[in-house]
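The structure under discussion appears below in the form of structure tokens.
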Amino acid sequence: MASAAESGPAPPRESDQNFDYMFKLLIIGNSSVGKTSFLFRYADDTFTSAFVSTVGIDFKVKTVCRNDKRIKLQIWDTAGQERYRTITTAYYRGAMGFLLMYDITNEDSFHAVQDWATQIKTYSWDNAQVLLVGNKVDMEDERVVSTQQGRQLADQLGFEFFETSAKDNINVRQTFERLVAIICEKMADSLEGESAAAPGKKGPSLSDAPAQAAQHCGC
Amino acid sequence: MTDAFFGDGTDRWVCPNDRNLTLRAKLNSGWSMKTAQTDRQRRRDTLTVKEQEVIQNVVRKAECIDVVEKRRIGWLVERLENLQRKAIGDGLDHCLLCGEQIGFLRSTGAVCETCQKNVCTKCGVETMSRQHGSLWLCKICSEQREVWKRSGAWFFNKIPDYLTPSKMLSSQSSARHSRASKAEASCPSETGITPMNVNHSYVHGKATSHDSNSESESSLEGDALSDGPKQVKKNQSDSGSSVEGGIRGIAVSGALSGSSSLTDDCPGSGGAAIGHADAQRTTTHNSDDGGAVSPRTPVTMTTNLDVPRVTKSNERETLPKQVVDSDLQEMPPESESDEESVLGMLEFSLLYDPSSSSVLCFLHRAKSLKSMDSNGLADPYVKIHLLPGDSKASKLRSKTVKKTLNPVWNEELSYNGITTEDVLKKMLQLSVYDEDRVGHNEFIGQSRIFLRKLTPLKKKLFKVCLEHQPPTQLENVEEEAEQGRLLLSLLYSTEKKGLQVGIIQAARLASIGHLAPSSFVKVTLQPNTSSKWKHKTSVKKRTTNPEYNETIFFEIEQNQVAVKNLVVSVWRNHFGQKDEIIGGFQMGVSSNGKLLKHWNECAKKTDQKSEYWHALTQNVDLKH
């Protein structure tokens with residue numbers, strides 16, 4: 001498909017073009033569940049146990065390969081603290097995928113998942129994909145949220161579920177890869193279902209996408 | 001789901017009663033906030049200056065990525081458009097794309113699954129589909145799918161904002177060719193997606209821009225920017241941000257334009273803020289395209305103008321300056337010397353367009369300004385002067401960004417009537433001031449750029465360290481006090497037997513105090529033997545850059561022209577008082593320099609219009 005470029009305008013510089021897709025992902029969850037650590041582990045493969053509260057928002061960029069396609073991930077790390085909520089929620093709308101994170105040693109953070117899910121539903125684009133992530137499995141001794149509970153909630157919300165540790169680097173890469181995979185599937189589906197319609201003109205309707213996420217609505 | 005907002009057990013959210021609502025309406029604090037929250041709590045929730053800065057930096061970083069992404073999408077879209085344009089076949093018995101007859105000799109055809117048109121195998125692409133197995137697509141449809149996927153449109157249901165390279169190129173070149181399209185040239189961002197550019201011409205004090213202050217003044221407005229239809233819900237979750245919207249407003253709007261520039265289907269989604277960002281993006285991008293550059297006037301050093309001290313200061317200023325090919329992402333780290341970093345950094349771009357005789361100044365931002373106010377902040381704005389010259393008349397002023405040491409202006413200011421001589425001689429002085437409501441506005445720092453450093457039509461990005469004010473101002477070291485400029489056209493028509501004088505526009509007219517003059521132009525052909533030889537234009541009100549656009553016709557034999565003088569003067573019109581002359585010039589065989597050149601050109605090349613800017617001075621005998 002890239003072969004059609006021969007007579008087009010001069011392609012942008014290398015750096016602009018060295019990827020095929022760009023996905024914006026967002027990590028959300030209560031304060032101190034390990035969002036920033038999770039991102040640092042994934043993007044830079046570093047970990048520090050010192051807790052530095054994120055100011056508002058931050059992001060990192062990482063390019064990954066999947067099925068010969070280069071995907072540029074812009075991963076937004078949000079502040080869990082409520083005082084930044086105005087800022088962080090403004091970024092929901094551009095995100096294609098969410099990692100909703102809680103801390104398995106912190107019950108509050110688990111109970112807040114429901115609220116966070118509501119936030120996603122309120123502010124994000126309808127077909128955004130969400131993974132539920134229980135972080136800090138390295139602290140098994142202090143665990144207060146069982147894997148069973150986590151999985152149950154994920155099922156209820158219609159999200160996929162992972163337990164991870166940014167500290168011991170457990171499931172970090174897998175979590176991101178799964179999220180990217182889900183988004184890629186959605187992308188393929190979006191064209192698949194509508195192969196008769198010209199995508200450039202009308203655009204596939206993706207109305208079925210948020211269905212699972214909608215079932216849990218508490219009202 | 002309202003549970004999340006109203007009493008889901010945690011009792012932080014209380015449903016507001018009528019009295020609450022009435023009060024809130026009076027307070028302008030938005031629709032909902034945490035009633036259970038005390039003022040003290042709320043104060044704790046507001047962002048500190050440091051936090052605001054951190055956030056702004058992230059937003060800025062994100063903007064860079066966004067520009068690149070927009071460009072990438074623009075390129076994809078353009079490629080698709082080109083492909084569509086080049087399709088020559090009918091898609092029936094000729095291949096839709098290449099027009100080759102299908103089924104004739106060796107060409108076998110296929111039907112595109114999407115558009116149902118016939119294409120030859122060379123112009124079709126066989127793809128695999130999970131549902132239908134293998135299927136054929138014509139190259140256009142396959143490219144369309146590709147764009148749909150690559151741009152993220154599959155997700156957002158429409159192609160996100162983008163910047164097309166060719167659109168910008170074409171507007172640039174058309175601007176070069178005609179004066180008529182000057183407006184375009186002076187407003188390059190119009191070629192962008194969201195044209196929201198500010199184009200001041202010598203308006204001081206009269207900010208026509210979308211004032212970003214207004215965005216940051218109350219958090220309510222900041223919130224209003226963020227999400228159209230979902231605003232109410234949003235505010236409900238908003239942690240009582242009615243106090244100090246400050247950077248919140250900015251950050252949020254930046255967030256929108258930065259990460260989710262797709263919100264424009266929401267009514268009322270951050271127009272101004274996004275516009276700002278876009279304007280900047282476009283301008284940044286635009287400068288890449290100065291490909292075809294008209295030949296540059298050879299740079300000759302003028303002798304008497306550059307007082308040694310000035311030259312020196314200029315050299316010093318060159319050192320820390322980073323002239324980058326205006327890609328924000330590739331900016332080298334700023335080098336800062338101790339003393340200068342104290343004052344701050346200024347980022348701006350300059351573009352000189354010889355075809356419209358204009359210099360455009362795009363003010364981007366400043367960083368780490370010296371704090372001037374007691375709160376550790378400043379209310380910075382930028383003043384630009386064209387030096388040497390009447391500093392009042394050439395003054396441009398940006399809007400003020402309140403309470404910040406890292407202001408983002410994203411404003412475009414333009415100078416018209418800049419001749420090639422000016423470019424060689426003059427410089428722009430950009431000074432950053434702190435606006436004080438009481439007392440004198442305080443000077444923070446300045447930077448000077450010689451116009452001859454600019455390549456015509458090539459936008460140059462400057463990141464400079466601000467400097468202290470030189471001991472003496474150089475402002476009035478010029479040859480003669482220039483009162484302004486006038487763009488004049490001359491044409492001798494052999495057919496109509498007469499001289500046609502066009503009074504097009506004036507620039508940088510000297511003003512008294514802060515008032516821009518209401519002005520008109522008087523034109524006389526001397527010796528004045530006929531009343532027909534005296535003309536006045538209409539009065540243009542209160543502008544230092546009036547556009548008269550009037551043509552005056554003098555009936556005169558061609559051989560008579562040589563012995564005549566054309567006296568042109570610009571007058572200040574005082575209501576109820578005697579008009580006062582601002583300045584003028586005299587054209588004729590006895591005049592010199594450019595005036596003579598213009599006059600001779602008109603006499604020699606009959607039926608050809610010539611157009612030049614002339615300086616208005618007071619030392620000419622301007623008796624009419």
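Proteins get letters first, then strands, A, B, ... in listed order; numbering begins at 1 in each. Values in this document were obtained by computation on a predicted structure and should not be read as measured data.
Taken to the nearest 0.5 Å, the CD atom of A:Gln74 stands 9.5 Å off from the NZ atom of B:Lys61. Note that CG of A:Asp189 is 9.5 Å distant from CH2 of B:Trp154, once rounded to the nearest 0.5 Å.
At a 4.5 Å heavy-atom cutoff, the contact between A:Ala128 and chain B is made by backbone and side-chain atoms alike. Residue B:Val147 does not touch chain A at all, counting heavy-atom pairs closer than 4.5 Å.
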Side-chain polar contacts of residues 175-184 of chain A - donor-acceptor pairs under 3.5 angstrom, sequence neighbours left out - could you list them?
unit_1   : atom_1 : unit_2   : atom_2 : d
A:Thr175 : OG1    : A:Asn171 : O      : 2.4
A:Glu177 : OE1    : A:Arg173 : NH1    : 3.3
A:Glu177 : OE2    : A:Arg173 : NH1    : 2.9
A:Arg178 : NE     : A:Glu160 : OE1    : 2.7
A:Arg178 : NE     : A:Glu160 : OE2    : 3.3
A:Arg178 : NH2    : A:Glu160 : OE2    : 2.8

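The closest donor-acceptor contact from the side chain of B:Arg150 to the backbone of A:Met22 lies at 3.5 Å or more, if one exists at all.
The pair B:Glu69-A:Lys24 does not count as a salt bridge, with every side-chain nitrogen at least 4.0 angstrom from each carboxylate oxygen.
B:Glu51 and A:Tyr84 get closest at one heavy-atom pair: OE2-OH, 2.7 Å. When all heavy atoms are compared, the tightest approach of B:Ala62 to A:Trp76 is CB-CH2, 3.5 Å.
If you run side chain to side chain contact (heavy atoms under 4.5 Å, CB included) between A:Ile87 and each of B:Ile55, B:Val58, B:Val59, only B:Ile55 comes through.
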A:Tyr21 and B:Lys149: CA distance, side-chain angles, deciding distance, side chain to side chain contact (heavy atoms under 4.5 Å, CB included) verdict | CA-CA 7 Å; A:Tyr21 308 125; B:Lys149 285 201 286 188; 3.7 Å; yes

